[in-house]
Amino acid sequence: MTDTTPDAADLLAIAVTVAREAADTARSMRAEGVSGVTTKSTDTDVVTAADRAVERQVVAALAARRPDDTVLGEEYGGSGGADSPVRWVVDPIDGTVNYLYGLPQYAVSLAAEVNGVAVAAVVRNAATGEEWTATRGGGAYRGGRRLSASVQTDLAQVLVATGFGYDAKRRAHQAEVLTRLITRVRDIRRFGAASLDLCLAAEGGVDAYFEKGLNPWDHAAGGLIATEAGLVVGGLDGRPAGPDMVVAAPPAIFGPLTELLAELDAAGGP
Ligand code: LIP
(Lines give C-alpha, C1' and ligand atoms only; values in the text may rest on other atoms or scores of the structure.)
Protein backbone atom coordinates (compact mmCIF):
# COMPACT_ATOMS: atom_id res chain seq x y z
CA MET A 1 0.00 0.00 0.00
CA THR A 2 1.65 3.35 -1.08
CA ASP A 3 1.60 5.99 1.67
CA THR A 4 0.34 9.23 0.12
CA THR A 5 2.03 11.53 2.65
CA PRO A 6 5.27 9.91 3.74
CA ASP A 7 6.87 11.43 6.84
CA ALA A 8 10.00 13.47 6.06
CA ALA A 9 11.80 12.11 9.14
CA ASP A 10 11.13 8.53 7.98
CA LEU A 11 12.43 9.34 4.51
CA LEU A 12 15.51 10.98 6.03
CA ALA A 13 16.23 7.89 8.13
CA ILE A 14 16.15 5.76 4.97
CA ALA A 15 18.30 8.28 3.06
CA VAL A 16 20.97 8.37 5.79
CA THR A 17 21.22 4.57 6.05
CA VAL A 18 21.42 4.14 2.27
CA ALA A 19 23.91 7.02 1.81
CA ARG A 20 26.25 5.72 4.53
CA GLU A 21 26.38 2.26 2.96
CA ALA A 22 26.91 3.82 -0.47
CA ALA A 23 29.71 6.04 0.83
CA ASP A 24 31.43 3.00 2.34
CA THR A 25 31.33 1.31 -1.07
CA ALA A 26 32.70 4.41 -2.81
CA ARG A 27 35.56 4.70 -0.30
CA SER A 28 36.50 1.00 -0.36
CA MET A 29 36.45 0.95 -4.18
CA ARG A 30 38.69 4.07 -4.18
CA ALA A 31 41.15 2.29 -1.90
CA GLU A 32 41.39 -0.50 -4.47
CA GLY A 33 42.24 2.04 -7.18
CA VAL A 34 39.99 3.75 -9.72
CA SER A 35 38.74 1.40 -12.48
CA GLY A 36 36.36 1.33 -15.42
CA VAL A 37 36.95 4.99 -16.28
CA THR A 38 35.00 6.14 -19.35
CA THR A 39 33.79 9.55 -20.50
CA LYS A 40 30.30 11.03 -21.08
CA SER A 41 29.51 14.49 -22.54
CA THR A 42 33.17 15.47 -23.16
CA ASP A 43 36.66 13.97 -22.80
CA THR A 44 36.93 15.48 -19.30
CA ASP A 45 33.46 14.36 -18.12
CA VAL A 46 34.53 11.10 -16.53
CA VAL A 47 32.53 8.28 -14.95
CA THR A 48 34.07 5.38 -13.08
CA ALA A 49 33.03 1.84 -12.20
CA ALA A 50 32.37 3.17 -8.68
CA ASP A 51 29.87 5.81 -9.88
CA ARG A 52 27.90 3.04 -11.59
CA ALA A 53 28.22 0.46 -8.81
CA VAL A 54 27.24 2.93 -6.08
CA GLU A 55 24.18 4.08 -8.01
CA ARG A 56 23.03 0.50 -8.60
CA GLN A 57 23.49 -0.14 -4.86
CA VAL A 58 21.43 2.94 -3.93
CA VAL A 59 18.62 2.08 -6.38
CA ALA A 60 18.45 -1.52 -5.06
CA ALA A 61 18.50 -0.39 -1.41
CA LEU A 62 15.69 2.11 -2.00
CA ALA A 63 13.62 -0.42 -3.99
CA ALA A 64 13.97 -2.91 -1.13
CA ARG A 65 12.57 -0.37 1.34
CA ARG A 66 10.10 1.57 -0.82
CA PRO A 67 9.38 -0.44 -4.02
CA ASP A 68 6.75 1.98 -5.37
CA ASP A 69 9.00 5.07 -5.35
CA THR A 70 10.86 6.37 -8.41
CA VAL A 71 14.57 7.15 -8.51
CA LEU A 72 16.39 9.67 -10.71
CA GLY A 73 20.12 9.06 -10.81
CA GLU A 74 23.05 10.61 -12.69
CA GLU A 75 24.29 7.41 -14.30
CA TYR A 76 21.10 5.41 -15.05
CA GLY A 77 18.45 8.14 -15.24
CA GLY A 78 14.90 7.38 -14.04
CA SER A 79 13.77 4.03 -12.62
CA GLY A 80 11.23 2.47 -10.27
CA GLY A 81 7.49 2.43 -9.58
CA ALA A 82 4.82 4.77 -10.83
CA ASP A 83 2.13 5.32 -8.22
CA SER A 84 4.12 6.87 -5.39
CA PRO A 85 4.39 10.61 -4.60
CA VAL A 86 8.03 10.02 -3.67
CA ARG A 87 10.98 10.47 -6.05
CA TRP A 88 14.56 9.97 -4.89
CA VAL A 89 17.26 12.06 -6.60
CA VAL A 90 20.77 10.59 -6.34
CA ASP A 91 24.28 11.55 -7.36
CA PRO A 92 26.29 8.43 -6.45
CA ILE A 93 29.64 10.26 -6.49
CA ASP A 94 29.37 14.03 -6.78
CA GLY A 95 32.86 15.35 -7.48
CA THR A 96 33.96 12.48 -9.71
CA VAL A 97 37.07 14.32 -10.92
CA ASN A 98 38.12 14.79 -7.28
CA TYR A 99 37.46 11.05 -6.81
CA LEU A 100 39.63 10.27 -9.82
CA TYR A 101 42.53 12.37 -8.42
CA GLY A 102 42.04 11.19 -4.83
CA LEU A 103 41.10 14.64 -3.57
CA PRO A 104 38.92 14.05 -0.45
CA GLN A 105 36.07 16.20 -1.74
CA TYR A 106 33.45 13.84 -3.18
CA ALA A 107 30.06 12.84 -1.83
CA VAL A 108 26.99 10.67 -2.05
CA SER A 109 24.08 13.10 -2.50
CA LEU A 110 20.52 11.81 -1.92
CA ALA A 111 17.26 13.75 -1.69
CA ALA A 112 13.65 12.59 -1.28
CA GLU A 113 11.00 14.64 -3.06
CA VAL A 114 7.26 14.40 -2.39
CA ASN A 115 5.16 15.63 -5.28
CA GLY A 116 8.25 17.30 -6.75
CA VAL A 117 9.31 19.13 -3.57
CA ALA A 118 12.47 18.07 -1.69
CA VAL A 119 11.51 17.17 1.89
CA ALA A 120 14.55 15.20 3.10
CA ALA A 121 18.23 15.32 2.15
CA VAL A 122 21.63 13.87 3.02
CA VAL A 123 25.06 14.65 1.63
CA ARG A 124 27.87 12.40 2.89
CA ASN A 125 31.52 13.05 2.04
CA ALA A 126 32.63 9.51 1.23
CA ALA A 127 36.31 10.29 1.91
CA THR A 128 35.97 12.03 5.28
CA GLY A 129 32.63 10.74 6.62
CA GLU A 130 31.31 14.27 7.14
CA GLU A 131 27.52 14.26 6.86
CA TRP A 132 24.93 16.99 6.33
CA THR A 133 21.20 16.41 6.61
CA ALA A 134 17.95 18.36 6.45
CA THR A 135 14.19 17.98 6.45
CA ARG A 136 11.88 20.68 5.07
CA GLY A 137 10.88 22.90 7.99
CA GLY A 138 13.04 20.79 10.30
CA GLY A 139 16.37 22.57 9.89
CA ALA A 140 19.80 21.51 8.59
CA TYR A 141 22.44 19.65 10.57
CA ARG A 142 26.03 18.55 10.34
CA GLY A 143 26.34 15.55 12.56
CA GLY A 144 24.20 16.68 15.54
CA ARG A 145 24.93 20.41 15.17
CA ARG A 146 22.15 22.65 13.76
CA LEU A 147 23.47 24.83 10.99
CA SER A 148 23.00 28.55 10.39
CA ALA A 149 24.51 30.08 7.29
CA SER A 150 26.11 33.45 6.64
CA VAL A 151 24.02 36.59 7.21
CA GLN A 152 26.41 38.77 5.24
CA THR A 153 24.75 41.94 3.89
CA ASP A 154 27.61 43.48 1.85
CA LEU A 155 28.21 41.88 -1.59
CA ALA A 156 31.78 43.21 -1.66
CA GLN A 157 32.53 41.12 1.46
CA VAL A 158 31.10 37.88 0.05
CA LEU A 159 33.30 34.78 -0.31
CA VAL A 160 31.60 32.84 -3.10
CA ALA A 161 32.10 29.27 -4.28
CA THR A 162 31.43 28.26 -7.88
CA GLY A 163 32.17 25.62 -10.49
CA PHE A 164 32.82 25.01 -14.17
CA GLY A 165 31.29 22.71 -16.74
CA TYR A 166 32.90 19.90 -18.71
CA ASP A 167 32.56 21.74 -22.05
CA ALA A 168 35.56 23.97 -22.86
CA LYS A 169 33.39 26.64 -24.52
CA ARG A 170 31.20 26.81 -21.45
CA ARG A 171 34.26 27.04 -19.19
CA ALA A 172 35.55 29.93 -21.30
CA HIS A 173 32.26 31.79 -20.75
CA GLN A 174 32.22 30.96 -17.03
CA ALA A 175 35.82 32.16 -16.67
CA GLU A 176 35.02 35.38 -18.53
CA VAL A 177 32.13 36.03 -16.13
CA LEU A 178 34.51 35.44 -13.19
CA THR A 179 37.02 38.02 -14.45
CA ARG A 180 34.34 40.66 -14.00
CA LEU A 181 32.67 39.19 -10.88
CA ILE A 182 35.88 38.77 -8.85
CA THR A 183 36.36 42.55 -8.45
CA ARG A 184 32.84 42.87 -7.00
CA VAL A 185 33.10 40.24 -4.22
CA ARG A 186 35.64 39.29 -1.50
CA ASP A 187 37.05 36.25 -3.38
CA ILE A 188 36.21 33.01 -5.18
CA ARG A 189 36.57 29.35 -4.14
CA ARG A 190 36.40 26.29 -6.43
CA PHE A 191 36.16 22.88 -4.65
CA GLY A 192 34.69 20.66 -7.39
CA ALA A 193 31.45 19.19 -5.99
CA ALA A 194 28.21 21.20 -6.03
CA SER A 195 26.56 19.18 -3.24
CA LEU A 196 29.52 19.82 -0.89
CA ASP A 197 29.74 23.48 -1.99
CA LEU A 198 26.08 23.94 -0.96
CA CYS A 199 26.74 22.23 2.39
CA LEU A 200 29.78 24.44 2.97
CA ALA A 201 27.58 27.47 2.30
CA ALA A 202 24.97 26.04 4.70
CA GLU A 203 27.52 26.09 7.52
CA GLY A 204 29.01 29.47 6.63
CA GLY A 205 32.29 28.11 5.26
CA VAL A 206 31.59 30.38 2.31
CA ASP A 207 28.93 33.08 2.17
CA ALA A 208 27.37 32.07 -1.16
CA TYR A 209 27.53 29.67 -4.10
CA PHE A 210 26.48 29.80 -7.75
CA GLU A 211 26.92 27.57 -10.80
CA LYS A 212 25.50 27.26 -14.29
CA GLY A 213 24.79 23.91 -15.93
CA LEU A 214 23.91 21.72 -12.94
CA ASN A 215 21.61 18.70 -13.09
CA PRO A 216 18.95 17.95 -10.44
CA TRP A 217 21.18 15.31 -8.80
CA ASP A 218 23.97 17.90 -8.28
CA HIS A 219 21.84 20.27 -6.17
CA ALA A 220 18.59 18.59 -4.98
CA ALA A 221 19.97 17.54 -1.58
CA GLY A 222 22.46 20.38 -1.07
CA GLY A 223 19.79 22.90 -2.04
CA LEU A 224 17.43 21.77 0.75
CA ILE A 225 20.31 21.75 3.27
CA ALA A 226 21.29 25.31 2.27
CA THR A 227 17.66 26.48 2.44
CA GLU A 228 17.12 24.98 5.88
CA ALA A 229 20.32 26.70 7.08
CA GLY A 230 18.81 30.08 6.14
CA LEU A 231 20.05 30.71 2.60
CA VAL A 232 17.85 31.67 -0.33
CA VAL A 233 18.28 29.11 -3.13
CA GLY A 234 17.03 29.88 -6.63
CA GLY A 235 17.89 30.94 -10.18
CA LEU A 236 18.08 34.31 -11.92
CA ASP A 237 15.19 36.67 -12.63
CA GLY A 238 12.87 34.97 -10.14
CA ARG A 239 13.29 31.54 -11.72
CA PRO A 240 13.79 28.44 -9.57
CA ALA A 241 17.20 26.79 -9.26
CA GLY A 242 17.84 24.79 -12.42
CA PRO A 243 20.22 24.08 -15.33
CA ASP A 244 20.44 27.78 -16.18
CA MET A 245 21.68 28.74 -12.76
CA VAL A 246 21.74 27.66 -9.15
CA VAL A 247 22.43 30.42 -6.59
CA ALA A 248 22.51 30.02 -2.80
CA ALA A 249 23.04 33.20 -0.82
CA PRO A 250 22.07 35.01 2.41
CA PRO A 251 18.69 36.82 2.12
CA ALA A 252 20.31 40.30 1.86
CA ILE A 253 22.80 39.14 -0.79
CA PHE A 254 20.58 36.95 -3.02
CA GLY A 255 19.04 39.93 -4.86
CA PRO A 256 22.29 41.89 -5.47
CA LEU A 257 24.20 38.71 -6.43
CA THR A 258 21.57 37.44 -8.87
CA GLU A 259 21.26 40.92 -10.40
CA LEU A 260 25.04 41.05 -10.85
CA LEU A 261 25.12 37.53 -12.35
CA ALA A 262 22.33 38.52 -14.77
CA GLU A 263 24.23 41.73 -15.67
CA LEU A 264 27.33 39.59 -16.37
CA ASP A 265 25.24 37.12 -18.48
CA ALA A 266 26.34 34.26 -16.18
CA ALA A 267 23.42 32.09 -17.33
CA GLY A 268 24.25 32.82 -20.96
CA GLY A 269 26.86 31.35 -23.28
CA PRO A 270 27.15 27.69 -24.36
C1 LIP B 1 30.23 18.05 -10.75
C2 LIP B 1 29.57 19.15 -9.96
C3 LIP B 1 30.48 20.39 -9.94
C4 LIP B 1 30.71 20.87 -11.32
C5 LIP B 1 31.34 19.77 -12.15
C6 LIP B 1 30.46 18.52 -12.15
P7 LIP B 1 29.91 15.43 -11.04
O8 LIP B 1 29.36 16.95 -10.77
O9 LIP B 1 29.36 18.72 -8.66
O10 LIP B 1 29.91 21.43 -9.19
O11 LIP B 1 31.54 22.01 -11.30
O12 LIP B 1 31.49 20.25 -13.47
O13 LIP B 1 29.22 18.79 -12.78
O14 LIP B 1 30.11 15.33 -12.55
O15 LIP B 1 31.19 15.24 -10.31
O16 LIP B 1 28.80 14.55 -10.55
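Just so you know, these numbers use all the heavy atoms, side chains as well, and skip hydrogens, waters and symmetry mates.
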Problem set entry | Electrostatic pair Arg189:Asp187 at N-O distance under 4.0 angstrom | yes

Problem set entry | Qualifying side chain to side chain donor-acceptor pair (under 3.5 Å) pairs with a residue from residues 239-262, counting only residues at least two apart or across chains | none

Exercise. Side chains of Met245 and Val247: closer than 4.5 Å at any heavy-atom pair?
Worked result: yes

Exercise. With hydrophobic residues grouped by side-chain heavy-atom distances under 4.5 Å, do Val97 and Leu103 end up in a single group?
Worked result: yes

Exercise. If you measure from the Lys or Arg side-chain nitrogens to the Asp or Glu carboxylate oxygens, is any gap between Arg136 and Glu113 under 4.0 Å?
Worked result: no

Problem set entry | By side chain to side chain donor-acceptor pair (under 3.5 Å) - contacts of Arg142 (at least two apart) | Glu130, Glu203

Exercise. Under 4.5 Å between any side-chain heavy atoms of Leu257 and Val158, yes or no?
Worked result: no

Exercise. Hey, is CZ on Arg184 packed in by over 12 heavy atoms from elsewhere, all under 6.0 Å?
Worked result: no

Exercise. Taking atom types as modelled and ignoring hydrogens, do the side chains of Gln57 and Thr25 form a donor-acceptor contact shorter than 3.5 angstrom?
Worked result: yes

Exercise. Are Asp94 and Ser195 linked by a side-chain donor-acceptor pair shorter than 3.5 Å?
Worked result: yes

Problem set entry | Verdict with supporting geometry, Leu72 and Trp217, side-chain contact (heavy atoms from CB on, under 4.5 Å) | CA-CA 8 Å; Leu72 172 65; Trp217 45 80; 4.1 Å; yes

Exercise. Taking all non-hydrogen atoms of both residues, which atom of Ile225 and which atom of Val123 are closest, and how far apart?
Worked result: CD1-CG2, 3.8 Å

For this session: Begin from the C-alpha positions of Arg66 and Asp69 and carry the test salt bridge (charged side-chain N to carboxylate O under 4.0 Å, His left out) through to its verdict.
Result: CA-CA 6 Å; Arg66 295 188 52 91; Asp69 295 354; 2.4 Å; yes

For this session: Decide whether Thr48 and Asp51 meet the rule of one side-chain donor and one side-chain acceptor closer than 3.5 Å.
Result: yes

For this session: Could you tell me whether Lys40 and Glu74 make a salt bridge, using a distance below 4.0 angstrom between a side-chain N and a carboxylate O?
Result: yes

For this session: Check whether any side-chain N or O of Asn215 sits under 3.5 Å from a backbone N or O of Gly242 as a donor-acceptor pair, and report yes or no.
Result: no

Exercise. Heavy atoms, side chains only, cut-off 4.5 Å: are Leu62 and Val58 in contact?
Worked result: yes

Exercise. With the 4.5 Å side-chain cut-off for hydrophobic clustering, are Val206 and Val232 part of the same group?
Worked result: no

Exercise. Quick one: which of Glu55, Arg52, Arg56 gives a side chain to side chain donor-acceptor pair (under 3.5 Å) with Tyr76?
Worked result: Arg56

Exercise. With no hydrogens and no angle check, do the side chains of Ser109 and Asp91 hold a donor and an acceptor under 3.5 Å apart?
Worked result: no

For this session: Might you work through the salt bridge (charged side-chain N to carboxylate O under 4.0 Å, His left out) test for Arg20 and Glu131, ending with a clear yes or no?
Result: CA-CA 9 Å; Arg20 287 178 180 174; Glu131 184 181 277; 2.8 Å; yes

Exercise. Stepwise, does the side-chain contact (heavy atoms from CB on, under 4.5 Å) test hold for Val185 with Leu155?
Worked result: CA-CA 6 Å; Val185 297; Leu155 184 58; 4.1 Å; yes

Exercise. At their closest point, which heavy atom of Thr135 faces which heavy atom of Ala8, and how far apart are they?
Worked result: CG2-O, 4.0 Å

